[in-house]
Amino acid sequence: MQDKFIFQRNIITTEVNLKVRVDKLTRYSDDFIDELKTNADIVDLVSDYVELQKSGNRYKGLCPFHSEKTPSFFVNPDNNFYHCFGCGAGGDLINFVMEIENLTFAETIKVLAERSGMELPDLSDAQRQRYKEREKLFALNNLAAKFYNYILLEKEIGKKALEYLKNRDINESDIKQFQIGYAADEWQLLLNFLKKRNFSLDLIYKAGLITKGKNNSYYDKFRNRVIFPIYNNRGEVIAFGGRILETEAAEYGPKYLNSPETAIFSKKKNLYGLHLAKDSIRKKNSCIIMEGYTDIIQAHKNGFKNSIASLGTAFTEEQAKLIKRYAEKAYIAYDADTAGNMATLRGLDILSDAGIDVKVIQLDEGNDPDDLLREEGAEIFFDHLDSALSLVDFKIEMIIQDKDLDEPGVRLKVLKSIIKLIAEIDDELKREIYLERAAEKTSFKTEVLSKEVKKEVKKNKSRNYRRDIEKINSASKKVDLNTQISYYQKIEEQILAYYITQAELREEISEILTPDDFTGRAAQLADLLFQGKVISASVKNESIKDELDDELFSYWTEIIVKQKSGLSEERILELAEYISSYKISKSKEKICSYLANKNFDLDKLNTILTTFQKMNYNIERRD
């Protein structure tokens, strides 16, 4: 009875907390957003994710939104903006948190307010609705996890699943730590429970907890399965994984079943167990990546608290970036069959391309971390960690595995594969090291391998000239913030940057210039700015992104990051006068050239002379 009371009390608490959070959602004022941006230091914030180095009045580092070896990501602390000159990503600190944490605008404001010690005011109706639905999904999943856990630990129908877990050396403490549960072999047990708690059928379906059947009926998605809740890195339940108990029963579906993609869950952006492992990963600067839920549970139980699971064997760029935020090294602990397949190897390349040092733990065929830890203990697993292979060594092992090198045709094929692999290594010294290792493993002559690798490297260079340039100049290559733009364009960008960031200058700049005085992308942006379509008193990026296409928004962030600090109001207006005069002067030259051709009628001549007179008037008015 006591346990039942605690479970019911937890449900009530969840509902009350949800109502309080939703009731707070009204509209954020411009003043609050401005104060939030002022209080939150973008350099300090970005430094939690990117190693930044000072570069003049800006900071630079490797972009967290795409893989690169040379820094092209810049942060300008004077106006709290960032921009990547490689992939075009950019914005203010609100955009940064939204993108890197995959949060909504409202969730980001909450995170930044807590970080700055500010109290939250209000949201717009549309934002409130989106945030409200996400909050309900989090609450719904949290409640479903508690329900599954309650069924497993407290109800008679959960005993079969509990026995299964105990046989796998998973005790009650483990069950509580990972909130493991059981979905009973009933069609609508969870559905009916959630409906009684006033969650709508539509929301339960959006959460992926039920499946649509015939005649507009619905039934529980997970039945007769051990349930493993999946958390985001903030510790919120976002999805579920279910392991079938009756493996021979086809009506229950596959052995493992996961939640579908939802508004709060994306398989490619999350990692199982990260919410528990992230502190240990940061401390050790490394993580151990496994396949299954029970692998992670056994690993944590045996002291390997930096272990996480990849929710699939093929890594995504999003997962690689997520890992890179916490560590520089990753140990892969997949079973032998999985580790050697092509999808896994492509995933490991993605990790390596993200700048992560990948090591592969070699497990015996048919073995996995769960079995190894239960049967042989933590000490043996430590030995496996110590003897883990580099990614290149592992690939060489895969190439020569089970090959008869005495057979000439096979030997030639192996040789070509190894040459191609080693030729892809950027560092010449590393190439030499792996050449020696490959020669030792295959009995090929080192000098033969070296000669062929050099040929392959040369071919690679001719195929991809840009890659070659990066290899040669990687140590000295720098991003020029004003690469290949004219003095005139630099002035255009400075004027627009100050127009955006300093509201008091806008009226005076608008009296001197029109959008026609600008060129290219600057003219497109000026047209929107001068009409007041993009900004008002406050620079609100959440609305700006709705008005501008991706290319123009990227240009917006680029010119703000390049903005020179400390230019006086007088200097900015002088530059505006220069732009206007320069444009008029160029137009007059064009008209004079046109008049010299003498190829026009009287109407055209009248139009030209009228235009010429207006230009002279504008110049005289300024003088």
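Without hydrogens or angle criteria, Asn270 side chain to Ser266 main chain gives a donor-acceptor distance under 3.5 Å. Under the 3.5 Å distance criterion, the side-chain polar atoms of Gln319 are matched with a main-chain donor or acceptor of Thr316. The main-chain N or O of Phe85 is never found under 3.5 Å from a side-chain atom of Glu558 such that the two would form a donor-acceptor pair.
For the residue pair Arg225 and Tyr256, no side-chain donor N or O sits within less than 3.5 Å of a side-chain acceptor on the partner. Asn233 and Tyr326 form a side-chain donor-acceptor contact under 3.5 Å, judged by distance and modelled atom types alone. For the 3.5 Å distance criterion, the side chains of Glu68 and Ser72 qualify, holding a donor opposite an acceptor. Glu291 and Thr338 form a side-chain donor-acceptor contact under 3.5 Å, judged by distance and modelled atom types alone.
With respect to the salt-bridge test (charged N to carboxylate O, under 4.0 angstrom), the residues Arg134 and Glu107 qualify. Ion pairing between Lys301 and Asp174 holds under the 4.0 Å rule for side-chain N and carboxylate O. Between Lys420 and Glu424 there is no salt bridge, since no side-chain N of the basic residue sits under 4.0 Å from a carboxylate O of the acidic one.
Legend: residues meeting side chain to side chain donor-acceptor pair (under 3.5 Å) with Ser390, ordered by chain and number and at least two apart, are Asp393, Tyr434. With sequence neighbours left out, the salt bridge (Lys or Arg N to Asp or Glu O under 4.0 Å) criterion links Arg115 to Asp44, Asp48. Taking Gln188 as the reference, nothing meets the side chain to side chain donor-acceptor pair (under 3.5 Å) condition, with sequence neighbours excluded. Residues meeting the side chain to side chain donor-acceptor pair (under 3.5 Å) test with Glu397, sequence neighbours left out: Lys441.
From Ile425, atom CD1 reaches atom CG of Leu391 across 9.5 Å, with rounding to the nearest 0.5 Å. Taking NZ from Lys146 and CD from Gln179, the interatomic distance works out to 6.0 Å, rounded to the nearest 0.5 Å. Atom CD1 of residue Ile151 and atom CD of residue Glu186 lie 8.0 Å apart, to the nearest 0.5 angstrom.
Among residues at least two apart or in separate chains, salt bridge (Lys or Arg N to Asp or Glu O under 4.0 Å) pairs with a member in residues 344-368 are Asp349-Lys395. The list of salt bridge (Lys or Arg N to Asp or Glu O under 4.0 Å) pairs with a residue in residues 201-221, not counting sequence neighbours, reads Glu133-Lys206, Asp202-Lys206.
Ring orientation note: the planes of Phe96 and Tyr49 are nearly perpendicular, at an angle over 60° on the 30°/60° scale.
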Exercise for the section: Go through the steps for Lys283 and Asp279 under the test salt bridge (charged side-chain N to carboxylate O under 4.0 Å, His left out), then give the verdict. Expected result: CA-CA 6 Å; Lys283 187 176 180 181; Asp279 290 339; over 6 Å; no

Practice task
Determine, step by step, whether Phe228 and Phe240 satisfy the ring pair (Phe, Tyr, Trp, His ring centres under 6.0 Å) criterion, reporting the C-alpha distance in whole Å, the side-chain angles of both residues, the deciding distance to 0.1 Å, and the verdict.
Solution key: CA-CA 6 Å; Phe228 301 91; Phe240 298 91; over 10 Å; no

Exercise for the section: For Lys110 and Glu114, run salt bridge (charged side-chain N to carboxylate O under 4.0 Å, His left out): C-alpha distance rounded to whole Å, both residues' side-chain angles, the deciding distance at 0.1 Å, then the answer. Expected result: CA-CA 6 Å; Lys110 182 175 180 291; Glu114 288 173 354; 2.9 Å; yes

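When all heavy atoms are compared, the tightest approach of Ala309 to Ile296 is N-CD1, 3.5 Å.
For Tyr218 and Tyr205, the gap between ring centers is short of 6.0 Å. Taking the six-membered ring for Trp and the full ring otherwise, Phe304 and Phe382 have centroids separated by under 6.0 Å. For His300 and Phe178, the ring centers sit closer than 6.0 Å to each other.
Across Val46, Val43, Ile42, a single residue satisfies side chain to side chain contact (heavy atoms under 4.5 Å, CB included) together with Tyr59, and that is Val43.
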